[in-house]
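Here's the structure, in structure tokens; my notes come after.
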Amino acid sequence: MINTVQMKRVMLTVAYDGTAYSGFQVQNNAPTVEGELNRCLSGLLKEEIRVTGGSRTDAGVHALCNVAVFDTASRMPAEKICYALNQRLPEDIRVRSSEEVAPDFHPRHCDSRKTYEYRIVNARFPVPTRRLYAYFTYMPLDIGRMREAASWLVGEHDFKSFCSAGSQVESTVRTIYSLEVMREPEDGILIRVRGNGFLYHMVRIIAGTLMEAGRGRWEPEHVKEILAAGDRGCAGPTAPACGLMLAAYEFTK
């Protein structure tokens with residue numbers, strides 16, 4: 001009788017502080033979240049594991065709920081893997097849940113909605129305890145102007161002007177379902193954007209562009225012209241990674 005190995009696919013929901021990592025995706029000679037997951041899963045399950053992430057967050061970007069899938073022959077119940085894995089992972093990475101999914105499930109090939117949050121400290125001086133999780137600027141930001149500028153980005157648009165060079169995608173058209181700018185306690189400003197997908201550095205460029213409007217560099221409606229230009233050089237600067245966090249990841253089908 002021939003013994004066949006029964007494989008299963010497991011999905012992890014992963015939270016991490018991205019400060020110490022060169023992004024999610026594995027890189028040569030640099031620590032990454034994916035690399036730590038691969039290392040710890042391989043040791044735990046006694047087989048070579050290579051995860052596939054849903055969102056390839058950049059160096060220094062944080063996440064509450066990124067997803068990753070992998071295939072395993074282990075008999076360990078999928079829902080128990082998160083408990084054992086968290087005993088091996090570094091303290092700045094935690095798996096919030098693990099569950100078995102269909103063998104052909106792939107997070108990047110499913111319809112999904114992601115929510116990113118970008119935090120800003122707008123005060124006279126930096127706050128040391130928030131330096132890893134928010135971008136500091138002492139230049140006054142007008143929340144009303146930022147909100148008005150944000151309104152031009154909601155809906156389906158070609159976001160080529162909001163995509164860094166080097167991105168390899170078939171289309172730069174994306175849909176933003178909501179884009180909010182809110183005041184938070186202690187001189188904080190929160191930009192929350194929800195969409196069906198995001199281009200390379202897109203959220204950070206949006207944040208940088210809204211801050212330019214908030215500083216009065218241009219009128220809020222100028223964002224319409226930036227979209228129409230289809231030119232990265234027309235948008236604002238790419239805001240630093242430290243303020244960005246993947247806050248929600250929903251599969252719509």
Side-chain angles (χ1 to χ4, degrees), residues 11 13-16 18 23-25 52-58 60-68 105-120 135 143 146-182 184 189-214 220-232 234-253:
M11 183 178 79
T13 300
V14 189
Y16 48 87
F24 182 87
Q25 193 171 16
T52 299
S55 183
R56 298 170 179 173
T57 53
D58 297 330
V61 174
H62 316 294
L64 285 178
C65 57
N66 205 350
V67 299
F105 176 82
H106 192 301
R108 293 202 297 271
H109 297 163
C110 297
D111 290 337
S112 64
R113 296 184 178 186
K114 300 176 185 177
T115 301
Y116 279 92
E117 295 181 346
Y118 195 89
R119 283 184 162 79
I120 303 163
Y135 166 64
I143 292 288
M146 293 175 69
R147 286 174 177 159
E148 186 179 346
S151 69
W152 292 99
L153 296 175
V154 177
E156 183 180 84
H157 302 286
D158 186 339
F159 284 94
K160 187 175 181 180
S161 293
F162 293 84
C163 178
S164 287
S167 176
Q168 297 178 349
V169 292
E170 294 181 0
S171 172
T172 50
V173 175
R174 297 292 186 272
T175 299
I176 289 182
Y177 302 111
S178 62
L179 179 50
E180 304 168 278
V181 183
M182 295 168 282
E184 290 196 311
I189 296 173
L190 172 65
I191 299 171
R192 179 180 291 138
V193 55
R194 185 168 179 252
N196 67 347
F198 295 92
L199 302 165
Y200 185 43
H201 289 163
M202 178 173 161
V203 179
R204 291 165 59 188
I205 297 170
I206 287 174
T209 300
L210 296 185
M211 283 190 276
E212 292 293 84
E221 58 267 27
H222 180 60
V223 171
K224 184 178 181 180
E225 298 174 20
I226 295 173
L227 278 171
D231 181 353
R232 170 66 188 93
C234 294
T238 303
C242 61
L244 185 61
M245 179 175 66
L246 175 58
Y249 199 138
E250 310 161 78
F251 294 104
T252 55
K253 289 185 181 180

Measure the spacing between [atom1] of [X] and [atom2] of [Y] and express it to the nearest 0.5 Å.
| X | Y | atom1 | atom2 | result |
| --- | --- | --- | --- | --- |
| Glu148 | His222 | CD | NE2 | 13.5 Å |
| Arg119 | His62 | CZ | NE2 | 10.5 Å |
| Thr238 | Arg232 | OG1 | CZ | 4.0 Å |
| Phe159 | Ile206 | CZ | CD1 | 5.5 Å |
| Arg204 | Asp58 | CZ | CG | 5.5 Å |
| Leu199 | Thr172 | CG | OG1 | 6.5 Å |

For residues [X] and [Y], report the shortest heavy-atom separation together with the two atoms involved.
| X | Y | value |
| --- | --- | --- |
| Met182 | Arg147 | CA-NH2, 4.1 Å |
| His201 | Ser164 | ND1-OG, 2.8 Å |
| Pro237 | Glu212 | CD-CG, 3.7 Å |
| Leu244 | Val61 | O-CG1, 3.6 Å |

So, using side-chain contact (heavy atoms from CB on, under 4.5 Å) as the criterion, who are the partners of [X] when residues are at least two apart?
| X | result |
| --- | --- |
| Ala228 | none |
| Ala149 | Leu210, Ala213, Pro220, Val223 |
| Pro240 | Tyr118, Tyr135, Cys242 |
| Ser151 | none |

| field | Partner residues of Tyr116 under the ring-ring contact (aromatic ring centres under 6.0 Å, His included) criterion, sequence neighbours left out | value |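 Partners of Tyr116 under the ring-ring contact (aromatic ring centres under 6.0 Å, His included) test: Phe198.
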For residues 174-181, run the donor-acceptor check on the side chains, cut-off 3.5 Å, and write out each pair with its distance to 0.1 Å, sequence neighbours left out.
| unit_1 | atom_1 | unit_2 | atom_2 | d |
| --- | --- | --- | --- | --- |
| Arg174 | NH1 | Ser171 | O | 2.9 |

| Does the Asn66 side chain pair with the main chain of Ser55, one donor and one acceptor, at a distance under 3.5 Å? |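 Pair found, side chain donor or acceptor close to backbone of Ser55.
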| query | Would you find a donor on one side and an acceptor on the other, under 3.5 Å apart, between the side chain of Ser161 and the backbone of Ala235? | reply |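 No; judged by distance alone, with no hydrogens or angles, the pair does not exist.
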| Heavy-atom check, side chain of Leu227 versus side chain of Leu153, under 4.5 Å |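 Leu227 vs Leu153: side chains touch.
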| query | Less than 4.5 Å apart, any side-chain heavy atom of Thr52 and any of Arg108? | reply |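 Yes, close enough: below the 4.5 Å cut-off.
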| task | Inspect the surroundings of NZ in Lys160 and state if more than 12 heavy atoms from other residues, nucleotides or ligands are less than 6.0 Å away. | result |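 Counting neighbours around NZ of Lys160, 12 or fewer heavy atoms of other residues, nucleotides or ligands fall under 6.0 Å, so no.
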| request: Begin from the C-alpha positions of Met146 and Ile191 and carry the test side-chain contact (heavy atoms from CB on, under 4.5 Å) through to its verdict. | output: CA-CA 9 Å; Met146 293 175 69; Ile191 299 171; 4.0 Å; yes
| said: Check the orientation of Phe251 and Tyr249. Use parallel for under 30°, tilted for 30 to 60°, and perpendicular for over 60°. | reply: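 Geometry flag for Tyr249 against Phe251: tilted rings.
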| said: For Tyr16 and Phe24, take the angle between the two ring planes, folded into 0 to 90°, and tell me which bin it lands in: parallel under 30, tilted 30 to 60, perpendicular over 60. | reply: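 Aromatic pair Tyr16/Phe24 classed tilted.
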